[in-house]
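Notes follow the structure.
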Amino acid sequence: MSRTEAAPDQALGDLTERLLAGLPADAVLTDPDVTASYAHDMASFCPAGAPAVVVLPRSVEQVQHVMRTATALRVPVVPQGARTGLSGGANASDGCIVLSLTKMDRILEINPVDRIAVVEPGVVNATLSRAVGEHGLYYPPDPSSWEMCTIGGNIGTASGGLCCVKYGVTAEYVLGLDVVLADGRLMSTGRRTAKGVAGYDLTRLFVGSEGSLGIVVRAVLALRPKPPQQLVLAAEFAAAAAACDAVCRIMAGGHVPSLLELMDRTTVAAVNSMANMGLPETTEALLLAAFDTPDPASDLAAVGALCEAAGATQVVPADDAAESELLLQARRLSLTALEAVRGVTMIDDVCVPRSRLGDLIEGVERIAGKHRLTIGVVAHAGDGNTHPTVCFDAADPDESRRARESFDEIMALGLELGGTITGEHGVGVLKKEWMAREIGPVGIEMQRGIKRVFDPLDLLNPGKLF
């Protein structure tokens, strides 16, 4: 074996030996077949490297040991949760330590008086939601992957979900954090109290930072009283513009739905094809609205009237929870159905002002025609967060190229309409170029300056965001 071949092996041996000095053997994975399975998240078109080692710590002290080792040896670290992300933010870089936090999965406290929960980063969103529900409490953020995604990952990407129109996104529920910094020091931010304005809001700085500033090892989360069971209404429209007009009427009318979702005709057709939902083939858009108020039936009636005034061809309010769940089933199947169209999807995450939602959907339809692609749009219509979903055959180079070009054109359209390139998925690798366009050179300079303060050696998730 030559010296050039031996050097990487020696370096890996040194790294592994140092890590094992503070971690149990089963927490350090070096088998290339195993480590390769941790190389990437669920995003398309995002490069991923080969990690040198994967570590699965179970305590704060073990995370500190990993970061001290990484700093001493100048090895990059890529933090990961459940890898359900859609921007490449958890993708490995060559020779890195993948720091998987899924084993730190304890709910440490649920406090009904203070209405907080204290959790480790590996707690699954749905697990927390059910646990606090037993105390009559509610943790609102509910990403579509809530049965798999972790709280740490939700914090890293500032994720949202179906209920954001009423309850807001993850950032609004993170009160405090314990964070292991790049050099292994432990820092606490924020508070456990309902109020608190001491110093800069470092907690909000870490939310959405995609693991580039520090490793979240504990979070204090705000809870709400558990709301009544919601009731759902479905409204069919013969034009997407009419459905978007209904959204504007609902929001301008002062209504506060717990859910307001829109599916365009491409998505409706895909769901019909896969699940035989029985939706009319003439449906150009389907709008779903829900209320979890004390009298949801009257709220649905008011919203139904607004939908009819906007041109709805049919309005169907649910009478009970079971009917509500049936109406929501089409929305829950949307992404699976679109994936079945061509085998692979590329899910965009453009957020626009509600008043420009119709322009976005119309523009996506033009882009789909231009590139000869199927692109369905599902949207959290109540907050303008759209998910144009490009369907393509990954084995066809030309179709893959057109898919990427259409994706970029949709992001450009979002910015033209006064929106943002990402509402809840994050930047990661996929949208680095577009983040620079959105926030400009001065904004990028300031963000890089913040990064240098927390991570002067650029070890934490390098190559992401900018």
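A cation-pi geometry, defined here as NZ or CZ lying under 6.0 Å from the six-membered ring centre and within 45° of its normal, holds between R130 and W146.
E405 meets the salt bridge (Lys or Arg N to Asp or Glu O under 4.0 Å) test with R401; sequence neighbours excluded. In terms of the salt bridge (Lys or Arg N to Asp or Glu O under 4.0 Å) criterion, residue partners of R192 (sequence neighbours excluded) are, by chain and number, E109. The salt bridge (Lys or Arg N to Asp or Glu O under 4.0 Å) check on K103 picks up nothing, with sequence neighbours excluded. The ring-ring contact (aromatic ring centres under 6.0 Å, His included) test applied to F206 returns F454, not counting sequence neighbours. Taking the salt bridge (Lys or Arg N to Asp or Glu O under 4.0 Å) definition, one finds that E261 meets it with R331, sequence neighbours left out.
Each of L286, L333, L287, T283 was scored for a side-chain contact (heavy atoms from CB on, under 4.5 Å) with M263, with one residue passing: L286.
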Acceptor/donor pairs from residues 217-229 side chains to any protein atom, 3.5 angstrom cut, sequence neighbours excluded:
from, atom 1, to, atom 2, distance (Å)
R224, NE, Y173, OH, 3.4

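Ring geometry for Y138 versus Y167: interplanar angle over 60°, hence perpendicular rather than tilted (30 to 60°).
A donor-acceptor contact shorter than 3.5 Å is absent between the side chain of D264 and the backbone of A240. Side-chain atoms of S324 come within 3.5 Å of backbone N or O of V232 as a donor-acceptor pair. Panel note: side chain K464, backbone E210; no donor-acceptor pair is recorded below 3.5 Å. Distance alone, capped at 3.5 Å, places no donor-acceptor pair between the Q314 side chain and the E236 backbone.
No more than 12 heavy atoms of other residues, nucleotides or ligands sit less than 6.0 Å from atom CE of M42.
S87 approaches D41 most closely through the heavy-atom pair N-OD2, 3.9 Å.
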